[in-house]
Amino acid sequence: MATDQSEDVYKDLSSGSQSSGLMERIRTFSPKELFTWQLARTLAMGQGLAGLICGTAISSQYLASSFHVNTPMMQSFLHYILLCLTYTTMLLCRTGDGNILQILRKRWWKYLLLGLVDVEANYAVVKAYQYTTLTSVQLLDCFVIPVLMLLSWWVLKARYRPVHYVAVCICLMGVGAMVGADLLAGRDQGSTSNILLGDGLVLISASLYAVSNVCQEYTVKNLSRVEFLGMVGLFGTIISTIQMVILERKEIAAIQWSWQIGLLFAAYALCMYTLYSCMPIVVKLSSATAVNLSLLTADLFSLFCGVFLFQYSFSGLYLVSLVIILIGFITFNAVPTPTDHTDPATASFPVCEDGYYSYPVAYQNDIIKQEVAVRISTEGEGETEEWRNDKQKRRSGRFKEDVGLSTKM
């Protein structure tokens with residue numbers, strides 16, 4: 001009986017402390033804690049990636065509409081070969097465990113599967129446009145977000161909070177506004193020859209993209225960005241070459257080459273190469289889910305460019321959609337995503353190339369608050385000279401340097 005009473009008292013105290021903690025956070029909330037330099041940098045880099053996807057869409061649109069060139073595997077082959085020439089060569093020059101021979105000896109089959117997943121994800125979504133409508137592709141392509149969150153929960157041990165699900169719903173509302181604007185403007189383009197097959201290809205592509213992105217996040221945060229890009233470039237080149245020879249040899253032979261076609265192929269390959277090279281950096285700063293939420297604006301950028309290049313009709317809903325998606329992205333990144341890891345040394349935080357953990361700003365703030373709480377509990381109500389010095393450093397912006405933005409592994 002006494003034990004039950006003590007448990008009830010403990011639960012009451014725990015719930016009371018949580019409620020008081022929530023009210024204290026609301027009372028002391030400052031916009032500066034939300035709109036940090038880390039968030040601004042992640043947002044800017046994410047929109048840069050969306051701009052690169054817009055570049056690939058425009059070049060592909062010109063190839064298909066103006067020159068009747070539909071060779072998705074050949075386009076993929078070009079950027080894979082660029083990745084191979086750059087990053088696989090860097091692995092060849094490494095020594096020790098980071099050498100390409102050691103990597104292939106330990107986990108060649110994993111990267112073979114990853115390369116296959118990445119190549120087929122790119123191919124399936126391009127192929128889907130031949131069977132279904134643009135609206136279906138835009139809507140079903142968002143399937144990557146829930147699949148990515150599920151895989152992150154299972155593989156990366158990410159534990160999302162209610163605010164993250166709300167943020168995802170906000171972003172999807174923005175996509176809905178964009179699709180609604182397309183329908184009102186009569187831009188429901190694409191084929192309807194086999195809608196079921198086309199929609200299935202989009203869902204398959206979204207699932208494969210989610211698998212590829214989770215593998216990318218794990219690799220760049222636990223191994224290295226160069227290893228990921230080098231292996232994807234190597235196996236992506238091999239797989240895309242085989243698939244290109246089997247499926248597209250007739251289409252490639254029928255191309256009437258000109259400098260315009262060559263320029264469009266080069267523009268597509270460079271945009272994809274830059275996208276693949278920069279995306280691991282943004283994933284390392286945030287997460288694969290956050291990056292994909294940011295990339296939802298890529299279709300909007302393509303529409304804005306299409307207003308000038310392809311005479312698309314403009315709708316104010318496009319701007320509303322852009323604002324909604326950005327609000328959802330900011331909301332998602334406002335709260336850090338916890339994991340099941342209890343030891344920071346083994347948590348899935350970004351690892352710098354020189355062997356340091358690079359902790360997110362939100363986690364750095366948690367470290368700061370924990371140290372402050374420990375000092376208060378151990379030193380009592382009085383302020384020591386050391387505590388006053390630390391408080392002065394925090395006000396002057398130098399406190400984070402003492403706490404440590406990076407911790408030696």
Side-chain angles (χ1 to χ4, degrees), residues 49-50 52-61 63-64 69-81 83 110-151 175 179 188-216 231-233 235-252 265 268-269 271-273 275-276 279 288-289 291-292 295-296 298-299 302:
L49 297 180
L52 291 172
I53 294 179
C54 173
T56 63
I58 292 175
S59 58
S60 296
Q61 179 75 6
L63 284 171
V69 176
N70 293 287
T71 54
M73 274 324 307
M74 182 178 178
Q75 293 171 231
S76 296
F77 166 77
L78 293 176
H79 79 262
Y80 283 124
I81 193 67
L83 291 174
K110 296 180 181 179
Y111 285 118
L112 174 61
L113 293 177
L114 177 59
L116 180 63
V117 165
D118 197 75
V119 170
E120 299 310 323
N122 289 324
Y123 181 77
V125 70
V126 176
K127 199 69 176 176
Y129 283 98
Q130 299 179 16
Y131 302 105
T132 190
T133 62
L134 175 66
T135 301
S136 296
V137 174
Q138 290 174 331
L139 284 174
L140 296 177
D141 196 43
C142 297
F143 186 64
V144 67
I145 303 298
V147 176
L148 190 54
M149 296 181 73
L150 178 62
L151 291 176
V175 175
V179 173
D188 193 20
Q189 299 175 349
S191 173
T192 57
S193 60
N194 195 334
I195 294 180
L196 184 61
L197 175 60
D199 292 350
L201 287 173
V202 178
L203 294 176
I204 292 173
S205 173
S207 301
L208 294 177
Y209 272 129
V211 173
S212 176
N213 289 340
V214 167
C215 294
Q216 179 181 129
M231 292 294 100
V232 169
F235 290 105
T237 300
I238 296 172
I239 295 170
S240 61
T241 300
I242 297 172
Q243 195 163 333
M244 177 180 63
V245 171
I246 296 174
L247 300 178
E248 296 182 353
R249 60 182 183 275
K250 294 181 180 180
E251 288 80 0
I252 296 173
F265 271 111
Y268 179 91
C271 285
M272 287 296 291
Y273 172 78
L275 173 68
Y276 270 69
M279 189 169 178
T289 305
V291 171
N292 277 272
L295 294 181
L296 293 176
D299 288 333
S302 299

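Computed from a prediction, not measured in an experiment: that's the story for all the values here.
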Smallest separation among heavy atoms of [X] and [Y], with atom names:
X: Val144; Y: Ala206; result: CG2-O, 3.4 Å
X: Ile239; Y: Val119; result: CG2-CG1, 4.1 Å
X: Leu295; Y: Ala50; result: CD2-N, 3.7 Å
X: His79; Y: Ala269; result: CB-O, 3.7 Å
X: Gly198; Y: Ala128; result: O-CB, 3.5 Å

Side chain proximity check, [X] to [Y], heavy atoms < 4.5 angstrom:
X: Glu251; Y: Asn70; answer: no
X: Tyr111; Y: Val232; answer: no
X: Asn213; Y: Thr289; answer: no
X: Leu63; Y: Phe265; answer: yes

What pairs with [X] under side-chain hydrogen bond (donor to acceptor under 3.5 Å, both in side chains), at least two apart in sequence or on another chain?
X: Ser76; result: none
X: Gln75; result: Ser60
X: Asp141; result: none

[atom1]/[X] to [atom2]/[Y] distance, rounded to the nearest 0.5 angstrom?
X: Ile204; Y: Asp199; atom1: CD1; atom2: CG; result: 11.0 Å
X: Ile242; Y: Thr237; atom1: CD1; atom2: OG1; result: 11.0 Å
X: Leu201; Y: Leu196; atom1: CG; atom2: CG; result: 10.0 Å
X: Lys127; Y: Ser205; atom1: NZ; atom2: OG; result: 14.0 Å
X: Met74; Y: Ile252; atom1: CE; atom2: CD1; result: 5.0 Å
X: Met73; Y: Leu247; atom1: CE; atom2: CG; result: 8.0 Å

### Task
In sequence, state the C-alpha distance, the side-chain angles, and the governing distance for Phe77 and Thr241, and then conclude on side-chain contact (heavy atoms from CB on, under 4.5 Å).
CA-CA 6 Å; Phe77 166 77; Thr241 300; 3.1 Å; yes

#### Entry: side-chain contact (heavy atoms from CB on, under 4.5 Å) against Val147, all qualifying residues, sequence neighbours excluded
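With neighbours one apart ignored, the set is Phe143, Leu151, Ser207, Ala210.
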
Which residue pairs satisfy the side chain to side chain donor-acceptor pair (under 3.5 Å) criterion with at least one member in residues 113-122, sequence neighbours excluded?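 Residue pairs passing side chain to side chain donor-acceptor pair (under 3.5 Å), neighbours aside: Tyr80-Asp118, Tyr80-Asn122, Asp118-Ser212, Asp118-Tyr276, Glu120-Gln243, Asn122-Tyr209, Asn122-Tyr276.
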
Contacts table for residues 52-59: side-chain donor-acceptor under 3.5 angstrom, sequence neighbours left out:
| residue | atom | partner | partner atom | Å |
| --- | --- | --- | --- | --- |
| Thr56 | OG1 | Ile53 | O | 2.5 |
| Ser59 | OG | Gly55 | O | 3.1 |
| Ser59 | OG | Thr56 | O | 3.0 |

